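Read through the structure below, which is laid out as C-alpha coordinates, and then see the notes.
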Amino acid sequence: MKKNFKLFLTLLGITIMSTSLYAQEDCNNNSIQQLKVFNSKEMDAKWKEFSADAGFKNLFSEVTKKGFSKMDIEGTYWGFTGKTQQENKIVDAVFCAYDFISKDKTQSCSMIWRKIGNDIYKAYIIFPSAQKDFFTAVENSQEWFAGSNNEIQVAHSWKTCFRKCTLKSCPGWCLAAVPVCAAVPAAIAVATGGIGLGPAIGIFAACAGISCATCMAICMIGC
(Lines give C-alpha, C1' and ligand atoms only; values in the text may rest on other atoms or scores of the structure.)
Protein backbone atom coordinates (compact mmCIF):
# COMPACT_ATOMS: atom_id res chain seq x y z
CA MET A 1 0.00 0.00 0.00
CA LYS A 2 2.83 2.41 0.86
CA LYS A 3 4.52 1.76 -2.49
CA ASN A 4 1.21 2.35 -4.29
CA PHE A 5 0.62 5.57 -2.40
CA LYS A 6 4.14 6.83 -3.22
CA LEU A 7 3.50 6.08 -6.88
CA PHE A 8 0.21 7.95 -6.65
CA LEU A 9 1.96 10.99 -5.13
CA THR A 10 4.54 10.88 -7.92
CA LEU A 11 1.79 10.86 -10.55
CA LEU A 12 0.05 13.71 -8.76
CA GLY A 13 3.28 15.73 -8.75
CA ILE A 14 3.71 15.24 -12.48
CA THR A 15 0.10 16.35 -12.94
CA ILE A 16 0.66 19.62 -11.10
CA MET A 17 3.73 20.40 -13.21
CA SER A 18 2.10 19.40 -16.48
CA THR A 19 -1.56 20.44 -16.17
CA SER A 20 -1.08 23.56 -18.30
CA LEU A 21 0.01 21.36 -21.20
CA TYR A 22 -3.45 19.84 -21.34
CA ALA A 23 -5.54 22.94 -20.65
CA GLN A 24 -6.09 23.45 -24.36
CA GLU A 25 -6.71 19.82 -25.31
CA ASP A 26 -10.15 19.59 -26.85
CA CYS A 27 -12.99 17.26 -27.63
CA ASN A 28 -15.41 18.53 -30.25
CA ASN A 29 -13.63 21.91 -30.09
CA ASN A 30 -14.31 22.37 -26.38
CA SER A 31 -11.91 23.57 -23.71
CA ILE A 32 -12.46 24.30 -20.04
CA GLN A 33 -11.41 27.29 -17.96
CA GLN A 34 -11.98 28.21 -14.30
CA LEU A 35 -12.48 24.53 -13.49
CA LYS A 36 -13.88 23.91 -10.01
CA VAL A 37 -14.58 20.37 -8.84
CA PHE A 38 -17.63 20.10 -6.58
CA ASN A 39 -17.30 18.86 -3.01
CA SER A 40 -19.72 16.41 -1.39
CA LYS A 41 -22.14 19.05 -0.13
CA GLU A 42 -22.24 20.73 -3.53
CA MET A 43 -22.88 17.40 -5.24
CA ASP A 44 -25.76 16.72 -2.82
CA ALA A 45 -27.20 20.15 -3.55
CA LYS A 46 -26.93 19.53 -7.29
CA TRP A 47 -28.71 16.20 -6.92
CA LYS A 48 -31.65 17.93 -5.21
CA GLU A 49 -31.68 20.54 -7.98
CA PHE A 50 -31.66 17.92 -10.75
CA SER A 51 -34.33 15.85 -9.01
CA ALA A 52 -36.83 18.64 -9.55
CA ASP A 53 -36.42 18.30 -13.33
CA ALA A 54 -39.11 16.20 -15.07
CA GLY A 55 -36.73 14.49 -17.47
CA PHE A 56 -34.28 13.61 -14.72
CA LYS A 57 -37.16 12.25 -12.63
CA ASN A 58 -38.13 9.94 -15.49
CA LEU A 59 -34.56 8.74 -15.85
CA PHE A 60 -34.28 8.11 -12.12
CA SER A 61 -37.59 6.22 -12.16
CA GLU A 62 -36.30 3.90 -14.89
CA VAL A 63 -33.01 3.34 -13.09
CA THR A 64 -34.77 2.34 -9.85
CA LYS A 65 -37.26 0.12 -11.70
CA LYS A 66 -34.30 -1.70 -13.23
CA GLY A 67 -33.10 -2.52 -9.71
CA PHE A 68 -30.36 0.07 -9.16
CA SER A 69 -29.85 2.09 -5.97
CA LYS A 70 -27.88 5.33 -5.60
CA MET A 71 -24.67 4.62 -3.72
CA ASP A 72 -24.31 7.85 -1.72
CA ILE A 73 -20.71 7.11 -0.71
CA GLU A 74 -17.98 9.68 -1.21
CA GLY A 75 -16.00 8.62 -4.23
CA THR A 76 -19.04 7.39 -6.18
CA TYR A 77 -19.96 10.78 -7.62
CA TRP A 78 -18.05 13.58 -9.32
CA GLY A 79 -18.84 16.90 -10.89
CA PHE A 80 -17.55 20.34 -11.75
CA THR A 81 -18.38 23.79 -12.99
CA GLY A 82 -16.35 25.94 -15.34
CA LYS A 83 -16.38 28.07 -18.47
CA THR A 84 -16.29 26.86 -22.06
CA GLN A 85 -16.86 28.20 -25.55
CA GLN A 86 -20.09 27.66 -27.46
CA GLU A 87 -20.81 29.33 -30.79
CA ASN A 88 -18.05 31.90 -30.25
CA LYS A 89 -19.35 32.80 -26.80
CA ILE A 90 -18.00 31.91 -23.36
CA VAL A 91 -20.71 30.11 -21.41
CA ASP A 92 -21.09 28.29 -18.10
CA ALA A 93 -20.55 24.54 -18.06
CA VAL A 94 -21.73 22.04 -15.45
CA PHE A 95 -21.28 18.28 -15.34
CA CYS A 96 -22.26 15.80 -12.63
CA ALA A 97 -22.21 12.00 -12.48
CA TYR A 98 -23.80 9.84 -9.78
CA ASP A 99 -23.24 6.11 -9.50
CA PHE A 100 -25.74 3.35 -8.73
CA ILE A 101 -25.35 -0.32 -7.89
CA SER A 102 -27.65 -3.28 -8.63
CA LYS A 103 -29.29 -5.20 -5.80
CA ASP A 104 -27.03 -8.19 -6.34
CA LYS A 105 -23.98 -5.88 -6.48
CA THR A 106 -22.82 -7.25 -9.83
CA GLN A 107 -23.64 -4.28 -12.05
CA SER A 108 -23.25 -0.52 -11.95
CA CYS A 109 -25.04 2.42 -13.52
CA SER A 110 -24.31 6.14 -13.76
CA MET A 111 -26.72 9.05 -14.09
CA ILE A 112 -25.22 12.14 -15.72
CA TRP A 113 -26.25 15.77 -16.11
CA ARG A 114 -24.36 17.96 -18.56
CA LYS A 115 -25.20 21.61 -19.16
CA ILE A 116 -23.36 23.92 -21.57
CA GLY A 117 -24.94 27.34 -21.73
CA ASN A 118 -28.62 26.54 -22.17
CA ASP A 119 -28.08 23.07 -23.64
CA ILE A 120 -28.76 20.20 -21.22
CA TYR A 121 -28.13 16.49 -21.69
CA LYS A 122 -29.61 14.12 -19.09
CA ALA A 123 -28.92 10.40 -19.31
CA TYR A 124 -28.17 7.15 -17.54
CA ILE A 125 -25.63 4.54 -18.57
CA ILE A 126 -25.78 0.88 -17.55
CA PHE A 127 -22.51 -1.02 -17.61
CA PRO A 128 -22.21 -4.76 -18.29
CA SER A 129 -22.06 -6.99 -15.23
CA ALA A 130 -18.82 -8.60 -14.08
CA GLN A 131 -16.74 -6.23 -16.20
CA LYS A 132 -14.19 -4.27 -14.16
CA ASP A 133 -12.13 -2.71 -16.94
CA PHE A 134 -13.54 0.79 -17.23
CA PHE A 135 -13.02 1.43 -20.94
CA THR A 136 -14.25 -2.01 -21.99
CA ALA A 137 -17.31 -1.46 -19.81
CA VAL A 138 -17.97 1.95 -21.38
CA GLU A 139 -17.64 0.50 -24.86
CA ASN A 140 -20.23 -2.20 -24.08
CA SER A 141 -22.57 -0.10 -21.95
CA GLN A 142 -26.13 0.95 -22.77
CA GLU A 143 -27.23 4.58 -22.69
CA TRP A 144 -30.62 6.29 -22.43
CA PHE A 145 -31.41 10.02 -22.38
CA ALA A 146 -34.37 12.30 -21.68
CA GLY A 147 -35.66 13.96 -24.84
CA SER A 148 -37.18 17.42 -25.28
CA ASN A 149 -40.56 16.17 -24.04
CA ASN A 150 -38.91 14.29 -21.16
CA GLU A 151 -39.48 10.94 -22.89
CA ILE A 152 -36.72 8.36 -22.45
CA GLN A 153 -34.87 7.32 -25.61
CA VAL A 154 -31.99 4.99 -26.43
CA ALA A 155 -28.72 6.85 -27.09
CA HIS A 156 -25.25 5.87 -28.25
CA SER A 157 -23.43 9.17 -28.45
CA TRP A 158 -22.04 10.39 -25.12
CA LYS A 159 -20.47 7.17 -23.88
CA THR A 160 -18.72 6.47 -27.19
CA CYS A 161 -17.38 10.00 -27.50
CA PHE A 162 -16.27 10.08 -23.85
CA ARG A 163 -14.30 6.84 -24.19
CA LYS A 164 -12.51 7.98 -27.35
CA CYS A 165 -11.87 11.48 -26.05
CA THR A 166 -10.48 10.31 -22.69
CA LEU A 167 -8.10 7.83 -24.31
CA LYS A 168 -6.95 10.53 -26.74
CA SER A 169 -6.81 13.60 -24.50
CA CYS A 170 -5.67 12.17 -21.15
CA PRO A 171 -1.99 11.20 -21.02
CA GLY A 172 -1.10 7.59 -20.28
CA TRP A 173 0.47 8.28 -16.88
CA CYS A 174 -2.70 10.10 -15.92
CA LEU A 175 -4.93 7.07 -16.50
CA ALA A 176 -2.27 4.86 -14.90
CA ALA A 177 -3.21 6.50 -11.59
CA VAL A 178 -6.62 4.83 -11.66
CA PRO A 179 -5.68 1.33 -10.42
CA VAL A 180 -3.28 2.89 -7.91
CA CYS A 181 -5.86 5.02 -6.14
CA ALA A 182 -8.53 2.33 -6.51
CA ALA A 183 -7.28 0.90 -3.22
CA VAL A 184 -8.00 4.15 -1.37
CA PRO A 185 -11.85 4.20 -1.22
CA ALA A 186 -12.20 0.99 0.80
CA ALA A 187 -15.77 1.94 1.77
CA ILE A 188 -16.79 1.51 -1.86
CA ALA A 189 -15.40 -2.02 -2.03
CA VAL A 190 -17.21 -2.95 1.20
CA ALA A 191 -20.52 -1.40 0.13
CA THR A 192 -20.46 -3.00 -3.31
CA GLY A 193 -19.29 -6.43 -2.26
CA GLY A 194 -15.89 -5.97 -3.86
CA ILE A 195 -16.64 -4.10 -7.07
CA GLY A 196 -13.70 -1.89 -6.11
CA LEU A 197 -12.99 0.77 -8.71
CA GLY A 198 -15.74 -0.54 -10.94
CA PRO A 199 -16.95 0.56 -14.34
CA ALA A 200 -18.86 3.68 -13.30
CA ILE A 201 -18.41 7.32 -14.30
CA GLY A 202 -18.44 8.81 -10.79
CA ILE A 203 -16.03 6.27 -9.31
CA PHE A 204 -13.67 6.58 -12.26
CA ALA A 205 -13.74 10.38 -12.27
CA ALA A 206 -13.41 10.75 -8.51
CA CYS A 207 -10.34 8.54 -8.62
CA ALA A 208 -8.68 9.60 -11.86
CA GLY A 209 -9.88 13.17 -11.54
CA ILE A 210 -7.14 14.00 -9.09
CA SER A 211 -4.63 13.49 -11.87
CA CYS A 212 -6.85 14.03 -14.90
CA ALA A 213 -9.42 16.66 -13.92
CA THR A 214 -8.79 19.03 -16.82
CA CYS A 215 -8.69 16.53 -19.67
CA MET A 216 -11.61 14.53 -18.29
CA ALA A 217 -13.70 17.67 -17.81
CA ILE A 218 -13.06 18.61 -21.43
CA CYS A 219 -14.27 15.19 -22.55
CA MET A 220 -17.31 15.24 -20.30
CA ILE A 221 -18.61 18.54 -21.64
CA GLY A 222 -17.29 18.08 -25.18
CA CYS A 223 -19.29 14.90 -25.84
Side-chain angles (χ1 to χ4, degrees), residues 1-39 43 74-86 90 93-99 108 110 112 114 116 121 125 127 131-141 143 157-185 188 195-223:
M1 175 64 81
K2 288 183 178 179
K3 289 183 178 179
N4 283 346
F5 190 64
K6 286 181 180 179
L7 176 58
F8 172 68
L9 290 178
T10 301
L11 291 167
L12 180 59
I14 296 172
T15 303
I16 294 171
M17 292 185 291
S18 306
T19 186
S20 61
L21 295 176
Y22 297 94
Q24 299 304 317
E25 289 285 342
D26 60 27
C27 177
N28 294 349
N29 298 317
N30 281 86
S31 61
I32 188 79
Q33 295 87 35
Q34 300 179 35
L35 177 68
K36 180 186 181 297
V37 176
F38 293 131
N39 59 35
M43 287 295 291
E74 189 167 1
T76 62
Y77 43 77
W78 193 77
F80 66 86
T81 182
K83 300 284 185 180
T84 191
Q85 186 170 315
Q86 183 186 54
I90 299 299
V94 174
F95 181 92
C96 291
Y98 300 87
D99 291 341
S108 57
S110 297
I112 64 172
R114 185 201 64 185
I116 305 174
Y121 183 71
I125 301 168
F127 301 95
Q131 175 55 256
K132 293 192 176 184
D133 178 75
F134 178 76
F135 292 109
T136 301
V138 171
E139 184 176 12
N140 296 301
S141 64
E143 178 183 352
S157 56
W158 189 88
K159 55 134 181 172
T160 303
C161 173
F162 175 72
R163 177 181 178 274
K164 289 181 178 178
C165 179
T166 306
L167 289 171
K168 177 183 177 182
S169 299
C170 294
W173 50 260
C174 165
L175 299 182
V178 178
V180 175
C181 60
V184 176
I188 296 174
I195 195 172
L197 180 62
I201 300 294
I203 294 173
F204 174 76
C207 181
I210 299 171
S211 297
C212 315
T214 300
C215 65
M216 285 206 327
I218 289 168
C219 292
M220 286 173 171
I221 63 168
C223 291

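All heavy atoms count here, side chains included; hydrogens, waters and symmetry mates do not. As the structure is a computational prediction, the values presented were derived from the model and not from experiment.
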So, Glu139 versus Ser141: side-chain donor-acceptor pair below 3.5 Å or not?
no
Between Tyr98 and Tyr77, what is the ring plane arrangement, given parallel below 30°, perpendicular above 60°, and tilted in between?
tilted
Please enumerate all residues that pass salt bridge (charged side-chain N to carboxylate O under 4.0 Å, His left out) together with Lys83, with sequence neighbours excluded.
Asp92
Report the C-alpha distance between Phe135 and Phe162 in whole Å, list the side-chain angles of each, state the deciding distance to 0.1 Å, and finish with yes or no for ring pair (Phe, Tyr, Trp, His ring centres under 6.0 Å).
CA-CA 10 Å; Phe135 292 109; Phe162 175 72; 7.7 Å; no
Where do Cys96 and Met43 come nearest, in terms of heavy atoms and distance?
SG-SD, 3.9 Å
Between atom CD of Gln85 and atom CD1 of Ile90, what is the distance when rounded to the nearest 0.5 Å?
5.0 Å
Cys pair Cys215, Cys170: SG separation below 2.5 Å:
yes
To the nearest 0.5 Å, what is the distance between CE on Met216 and CD1 on Ile218?
11.0 Å
Hey, what do you get for OG1 (Thr84) to CD1 (Ile221), rounding to the nearest 0.5 Å?
3.5 Å
Any chance you could measure Ile125, atom CD1, to Glu143, atom CD, to the nearest 0.5 Å?
4.5 Å
Flag, side chain of Asp99 to backbone of Ser110, donor-acceptor distance under 3.5 Å:
no
Lys164 side chain near Thr160 side chain, heavy-atom distance below 4.5 Å:
yes
Taking side chain to side chain contact (heavy atoms under 4.5 Å, CB included) as the test, write out the residues that go with Ala97, two or more places apart.
Phe95, Ile112, Ile201
To the nearest 0.5 Å, how far apart are CD1 in Ile32 and SG in Cys219?
11.5 Å
Side-chain donor/acceptor of Trp78 to backbone N/O of Cys207, under 3.5 Å:
no
Just how far is it from atom CG of Asn140 to atom CZ of Arg163, taken to the nearest 0.5 Å?
8.5 Å
For Tyr121 and Trp158, the nearest pair of non-hydrogen atoms, with its separation, is CE2-CB, 3.8 Å
